[in-house]
Amino acid sequence: FVWSSLLISSFLIYGLVPRFLLFLLMQLLLTRKRKQFSLNLSSPYYVQLRQQLKPNVTSLGISDPDTQQVTAAERLYAQKAVHALPASFYPVAVELSAAQLLICRQHVQQYSPEDNSALENICDFQGQQSLLQNFATIKQPAVLLYVTLARLPDRGMLSFIKSLTALGSKSFYLLLMDEGVQQASQIHKRRSDWYTLAAQAGIPLDNIIHLTSDNSTGKHE
């Protein structure tokens, strides 16, 4: 009886009780770490993965099905592009070159021709302040910001976009143009930088749209 009591008590004290206490401690630490854990969805890896799993694009021009063979994946890609833009939006070009501004005007003319006359290219501090002061006169429910991946987002750009989104009452979309960017690796890095800026400015990931150009010679994103 004494030996059996010793064995059972040793089993409980040195075996089960410490493991049970460690299990409770592990659960507590795991729950705390899960609350603190968050993925960096602005990293180049997650940006590319998101575009593969949930592409959010808009196209410039229409592909001719008679001259270009379209695969099932590309057809799904194009179908999602149709629903990426809001029905009505106020276009704002941010520091675009002449060639980029021309593409921007073509895109606005294609999707929202009635708002084409409202398009303006904000290139300096005076233009930013003018837009902020006249923001209350914008009747469209959404604002579409055209930016280029050729430009590295900085604190000045972040401050301007945050000033716009802070005004509220409207949905904000960020349209990324890769015109002028040659290397694919640079495109992925710049997309990551703009995703980071969008997160800091309060623009949802679903409202970041990539512009693709379709023609008979090929397609670039």
Side-chain angles (χ1 to χ4, degrees), residues 41-42 44 46-121 140-151 153 161 170-195 197-198 203-221:
L41 300 179
S42 300
Y46 286 108
V47 171
Q48 297 179 54
L49 181 62
R50 181 180 179 84
Q51 284 304 302
Q52 293 179 7
L53 300 178
K54 190 179 180 181
N56 197 15
V57 300
T58 178
S59 60
L60 180 63
I62 301 175
S63 300
D64 188 356
D66 296 333
T67 59
Q68 182 179 4
Q69 184 178 1
V70 181
T71 62
E74 291 176 346
R75 189 178 297 110
L76 177 61
Y77 197 69
Q79 290 176 354
K80 289 182 178 293
V82 176
H83 303 283
L85 289 174
S88 177
F89 58 85
Y90 184 85
V92 178
V94 184
E95 300 184 10
L96 299 185
S97 64
Q100 294 164 351
L101 185 59
L102 178 60
I103 296 176
C104 178
R105 291 189 181 279
Q106 294 174 353
H107 184 265
V108 176
Q109 181 63 32
Q110 178 178 346
Y111 287 93
S112 186
E114 65 277 5
D115 299 321
N116 196 13
S117 59
L119 177 64
E120 53 181 327
N121 192 15
Q140 292 83 346
V143 176
L144 185 59
L145 302 174
Y146 289 83
V147 298
T148 173
L149 294 177
R151 187 194 190 285
I161 296 180
K170 296 185 184 299
S171 300
F172 289 88
Y173 291 78
L174 191 67
L175 191 140
L176 304 179
M177 306 171 57
D178 63 357
E179 183 69 24
V181 184
Q182 302 297 331
Q183 299 179 356
S185 58
Q186 186 180 12
I187 292 178
H188 297 323
K189 180 61 173 65
R190 289 294 171 83
R191 283 178 176 174
S192 174
D193 295 335
W194 280 104
Y195 268 64
L197 181 142
I203 299 178
L205 292 180
D206 290 337
N207 290 6
I208 302 177
I209 304 172
H210 301 263
L211 177 64
T212 62
S213 297
D214 300 325
N215 50 51
S216 59
T217 59
K219 177 170 68 176
H220 72 273
E221 181 185 35

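Predicted model, so just to flag it, every value in this text is computed and none were measured.
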Would you check if His188 and Val47 make a side-chain contact, meaning some heavy-atom pair closer than 4.5 Å? no
Residue set satisfying side chain to side chain donor-acceptor pair (under 3.5 Å) with Gln106, at least two apart, ordered chain then number -> none
Spacing of Leu175 atom CG and Leu85 atom CG [to the nearest 0.5 Å]: 7.0 Å
Taking all atoms of both residues into account, what is the closest heavy-atom pair of Leu197 and Pro153, and its distance? CD1-CB, 3.5 Å
Apply side chain to side chain donor-acceptor pair (under 3.5 Å) to Gln48 and list each qualifying residue two or more places apart in sequence or on a separate chain. none
Return the minimal non-hydrogen interatomic distance between Pro86 and Ala142, and the atom names on each side. CG-CB, 3.8 Å
Mark yes or no for whether Asn121, through its side chain, and Leu96, through its backbone, hold a donor-acceptor pair below 3.5 Å. yes
Quick check for you: to the nearest 0.5 Å, what is the distance between Ile203 atom CD1 and Tyr195 atom OH? 11.5 Å
Out of curiosity, Thr148 OG1 to Leu101 CG, how far, rounded to the nearest 0.5 Å? 11.5 Å
Ion pair Arg190/Asp178, N-O distance below 4.0 Å: no
Between Val94 and Arg151, is there a side-chain heavy-atom distance shorter than 4.5 Å? no
Can you sort out the partners of Asp115 under side chain to side chain donor-acceptor pair (under 3.5 Å), two or more places apart, ordered by chain and number? Ser112, Gln140
Side chain proximity check, Ile208 to Asn56, heavy atoms < 4.5 angstrom: no
Output all residues satisfying salt bridge (charged side-chain N to carboxylate O under 4.0 Å, His left out) with Arg105, sequence neighbours left out; order by chain, then residue number. none
Those residues that, when tested against Ser97, pass side chain to side chain donor-acceptor pair (under 3.5 Å) (two or more places apart): Gln100
Residue list, salt bridge (charged side-chain N to carboxylate O under 4.0 Å, His left out) with Lys189, at least two apart or on another chain: Asp193
Note: Ser59 and Leu211 closest approach over all heavy atoms is C-CD1, 4.4 Å
Within-4.5 Å side-chain heavy-atom neighbours: Ile209 and Leu176: no
Taken to the nearest 0.5 Å, the spacing of Trp194 CH2 from Ile161 CD1 works out to 5.0 Å
For Ser192 and Ser42, indicate whether the former's side chain and the latter's backbone hold a donor-acceptor pair under 3.5 Å. yes
Could you measure the distance from the NZ atom of Lys170 to the CZ atom of Phe89? Nearest 0.5 Å is fine. 14.0 Å
Under the ring pair (Phe, Tyr, Trp, His ring centres under 6.0 Å) test, which residues partner Tyr146, sequence neighbours left out? His107
Calculate, to the nearest 0.5 Å, the distance between atoms CG and OH belonging to Leu144 and Tyr111 respectively. 11.0 Å
